[in-house]
Amino acid sequence: MSSISITENRVLMSGARKSLKGKWGLAIGAAVVYFLVVVGAEEIPKAGGIISLLIGGPMSVGMAIFSLSLSRRQDTRLSLIFEGFRRFGVALGAYILYIIFIFLWSLLLIVPGIIASLAYSQIFYIIAEDDSIGPLQAIKKSKEMMRGNKWKLFCLFFRFLGWGLLCVLTFGIGILWLFPYMTVSFARFYDDIKGKTTVEGADSESGELKAEEDINQLFFPTSKTKLIVLSVCTFGIYQFYWFYKNWQILKINQGLEILPFWRTFFTPVFCYSLFKKVRECAESNGIEVKYNPGTLTAGYIFLSVTFFIPNIPTYISIPAMVMAVLVLIPAQSVINLLNVKVIPDIQINKKFGGGNIVAVVIGVLFWVLMVFAISSPIKPEHYHALTFKIVKLFGLGNPETAVMLDGMKEFYRKAGNEKDAEKLESQVRQLQSLLTQGKTASPETGSPGAVPEEGKSIDEQYTGGLNNYKQGHYKDAMEAYRKCAANGHTAAQYQVGLLYSNGQGVERDYKEAVNWYRRAAANGYAEAQNSLGFVYSKGQGVEQDYKEAVKWCRKAAEGGHIQAQYNLGTMYFKGLGTVQDFIEAAHWYREAANQGYAQAQTILGLMYSRGQGKKQNYKKAVRWYRKAAEQGYSQAQFNLGVMYTEGRGVEEDYEEAEIWYRKAAEQGHVQALEILSH
């Protein structure tokens, strides 16, 4: 039977340390194995994502079993972390549902996503203990267990942020100690909800101490300085803690039938009620109150919702949201006077504990970084990289993709990045258009349109055009493509331009080709955007203009087009249409290389070898050369032979070098032939 967790978080953490005493070696070993399995699976070429998904659930259940065993001081073995595979189906199902539900909640906003993750946080512990439960039952039970416990778990997690910062300072090594510390603490939290916690060495009444302390308070006693400092350094999070504590104390003292967590979550709705209760309680005890609850409420709501108002830059909205704490100061002043008058020996919380100090340090660092980010120029491609990875991950026509792109567009606007928002506008419009019509554009089907003559759908006519083209019937292909293009079929518009450019089925006309490329490119068709970049770089049908070439290649590259990524990397590498920038060149070459483009892999290897745009690293150079060489690219085969000859990044090995020289020579590589002839 689940209940409210009343054991203080510091006590849970202390108990976790005691459970780990004498077991740190085992716990760290389990952390190493866990990371090797989970992270190693993700690094497997091509299949890494699927494998990671398949093992994620069982490994999470196994770690829950291991952590519970450690927490309860039972006979713990390293092999327990693989126990989750005994219930593979249930663990996998729960893991997939867990990801889906959190993702869907996150689409609303960040906060609902966080709440969902807290609500479903106990799933794997539940499965670890109950062999008969199914995925949906585990999710339902986790939600029930976390009613009234979400904020406490959030606070417990927040206590580890400072330790996380220390892990960064130790180059990540500290995570081997932090990970077991966290998992065992969370296991004790689970047992506390279940009513099983035994706190060794602690006061047997510690579980009730919190409630007793709250009863001896009318409202949350904290100093105004501490309230301001922690609110600023936590970007307003501490304000929610302030509301939560006051509602929690009121619930205990007055026996109110309320849920403090939800009153905190809907603070704009309930803040007036709290301000009013503080005023009424103070006046009934003879304390003069100068503030008006309505005025405080209006000020708090105005400042706290500023972040969500469109077109307000981040450097204004975030400080405004944080400064909402100033509205709480009059109420806190009255609270402190009231607490002291009614309970003379009460202690006003003025001291900054260890966790508070860590929060202040982290907050100051974040503020410095934010100021730096606002004052420093950020290149558009850095903003867009995440956007188009979302497109690649979820698909162009996926409804969630359109929502996320639209949300990011609004985020750019709030950040004062109107230029970037406009660049995304055409992409979002295309997605929304496709979703309205219920289909997804692709090189094979294009965008849907009206049904043309002869009762055939546009897709059918387009397919007919493809078949005619493959058979060499270019005039028939052009006729089919034109009909589809006239109805707004994006891929067909591109194909018409391609036929004009190649002079297939029609007299070659570069200007006409450019016109059709533009139509498809305006709809976000990456192939057409890349072709526009090409014709501008060559001056075919337009005046040669490398800046325009860079612009169109960038649009296609940000959409994940491999050739465009390679071309854009080359333009940065050579300084064509832009300032020569080896770092940007390496970035775009890597984007194409990660998709298996051999030429990009080869040049990326060369840049690692020379230290251009990347720190010189012969081993990484060899790795990229090898990827391209194994695809049969002769230049990469020759370069790999050179690395073996000179012993750079690999041990010197003339026999291995000769193997790669011969592979390159078989494809007519001149330098390889010359070396082998000597």
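Note that the structure is predicted; figures quoted are calculated from it, not measured.
The aromatic ring centroids of Tyr517 and Tyr494 lie less than 6.0 Å from each other. For Tyr469 and Tyr474, the distance between ring centers is under 6.0 angstrom. Between Tyr481 and Tyr462, the gap from one ring centroid to the other is short of 6.0 Å.
Residue Gln471 places its CD atom among more than 12 non-hydrogen atoms of other residues, nucleotides or ligands, all under 6.0 Å distant. When the shell of 6.0 Å around CD1 of Ile583 is examined, it contains 12 or fewer heavy atoms from other residues, nucleotides or ligands.
Counting heavy atoms from C-beta outward, Met643 and Tyr625 have side chains that approach closer than 4.5 Å. Counting heavy atoms from C-beta outward, Val535 and Tyr510 have side chains that stay 4.5 Å or more apart. Residues Trp552 and Ser531 have side chains not in contact (no heavy-atom distance under 4.5 Å, counting atoms from C-beta outward). Using a 4.5 Å cut-off on side-chain heavy atoms (C-beta onward), Met607 and Phe582 make contact. In this structure, Tyr654 and Tyr644 have side chains that are not in contact, with every pair of non-hydrogen atoms separated by 4.5 Å or more. The closest side-chain heavy-atom distance from Tyr597 to Gln631 is not below 4.5 Å. With a 4.5 Å cut-off on side-chain heavy atoms, Glu584 and Leu568 do not count as touching. Taking 4.5 Å as the limit, every side-chain heavy atom of Met571 sits out of range of all side-chain heavy atoms of Tyr566.
Not a single donor-acceptor pair under 3.5 Å links the side chain of Asn530 to the backbone N or O of Ala526. Panel note: side chain Arg508, backbone Ser501; a donor-acceptor pair is recorded below 3.5 Å. Distance alone, capped at 3.5 Å, places no donor-acceptor pair between the Gln504 side chain and the Leu499 backbone.
Considering every non-hydrogen atom in both Gln529 and Ala521, the closest pair reads NE2-O, 3.3 Å. Nearest approach of Ala664 to Ala672, heavy atoms of both residues: CB-CB, 3.8 Å. The two residues Ala665 and Leu676 make their nearest non-hydrogen contact at CB-CD1, 3.7 Å. When every heavy atom of Ser609 is checked against every heavy atom of Ala621, the shortest pair comes out as N-CB, 3.8 Å. Considering all non-hydrogen atoms of both residues, Val496 and Ala485 come closest at CG2-CB, 4.3 Å. In terms of heavy-atom proximity, Gln595 sits nearest to Ile562 at OE1-CG1, 3.4 Å.
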Under the criterion side chain to side chain contact (heavy atoms under 4.5 Å, CB included), I'd like the reasoning laid out for Thr578 against Tyr572: C-alpha separation, chi angles, the key distance, then a yes or no. CA-CA 7 Å; Thr578 183; Tyr572 273 113; 3.5 Å; yes

Apply the test side chain to side chain contact (heavy atoms under 4.5 Å, CB included) to residues Glu527 and His561: give CA-CA distance (whole Å), side-chain angles for both, the deciding distance (0.1 Å), then the verdict. CA-CA 7 Å; Glu527 287 286 355; His561 194 282; 3.2 Å; yes

Under the criterion side chain to side chain contact (heavy atoms under 4.5 Å, CB included), I'd like the reasoning laid out for Gln612 against Phe573: C-alpha separation, chi angles, the key distance, then a yes or no. CA-CA 9 Å; Gln612 291 177 315; Phe573 189 89; 3.7 Å; yes

Determine, step by step, whether Tyr589 and Lys614 satisfy the side chain to side chain contact (heavy atoms under 4.5 Å, CB included) criterion, reporting the C-alpha distance in whole Å, the side-chain angles of both residues, the deciding distance to 0.1 Å, and the verdict. CA-CA 12 Å; Tyr589 281 140; Lys614 294 287 185 182; over 6 Å; no

Let's go through Tyr536 and Tyr546 carefully: what are the C-alpha distance in whole Å and the side-chain angles of both, what is the deciding distance for ring pair (Phe, Tyr, Trp, His ring centres under 6.0 Å) to 0.1 Å, and is it a yes or a no? CA-CA 6 Å; Tyr536 270 110; Tyr546 284 116; over 10 Å; no

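Remark: the Gln637 side chain and the His669 side chain contain no N/O donor-acceptor pair separated by less than 3.5 Å. Using modelled atom types, one finds a donor on one side chain and an acceptor on the other under 3.5 Å when comparing Thr645 with Tyr661.
If you take CG on Asp545 and NZ on Lys551, they are separated by 9.0 Å, rounding to the nearest 0.5 Å. Rounded to the nearest 0.5 Å, atoms NE2 (His473) and NZ (Lys475) are 12.5 Å apart. In this structure, CZ on Arg590 lies 15.0 Å from CD1 on Ile603, to the nearest 0.5 angstrom. To the nearest 0.5 angstrom, Tyr500 atom OH is 8.0 Å from Trp516 atom CH2. With rounding to the nearest 0.5 angstrom, the CD atom of Gln667 is 13.5 Å from the CZ atom of Phe638. Annotation: the span from Gln493 atom CD to Asn523 atom CG amounts to 6.0 Å, rounded to 0.5 Å.
Between Glu666 and Lys663 there is no salt bridge, since none of the side-chain N atoms of the basic residue sits less than 4.0 Å from a carboxylate O of the acidic one.
A side chain to side chain contact (heavy atoms under 4.5 Å, CB included) with Gln461 holds for exactly one of Glu479, His489, Lys483; it is Lys483.
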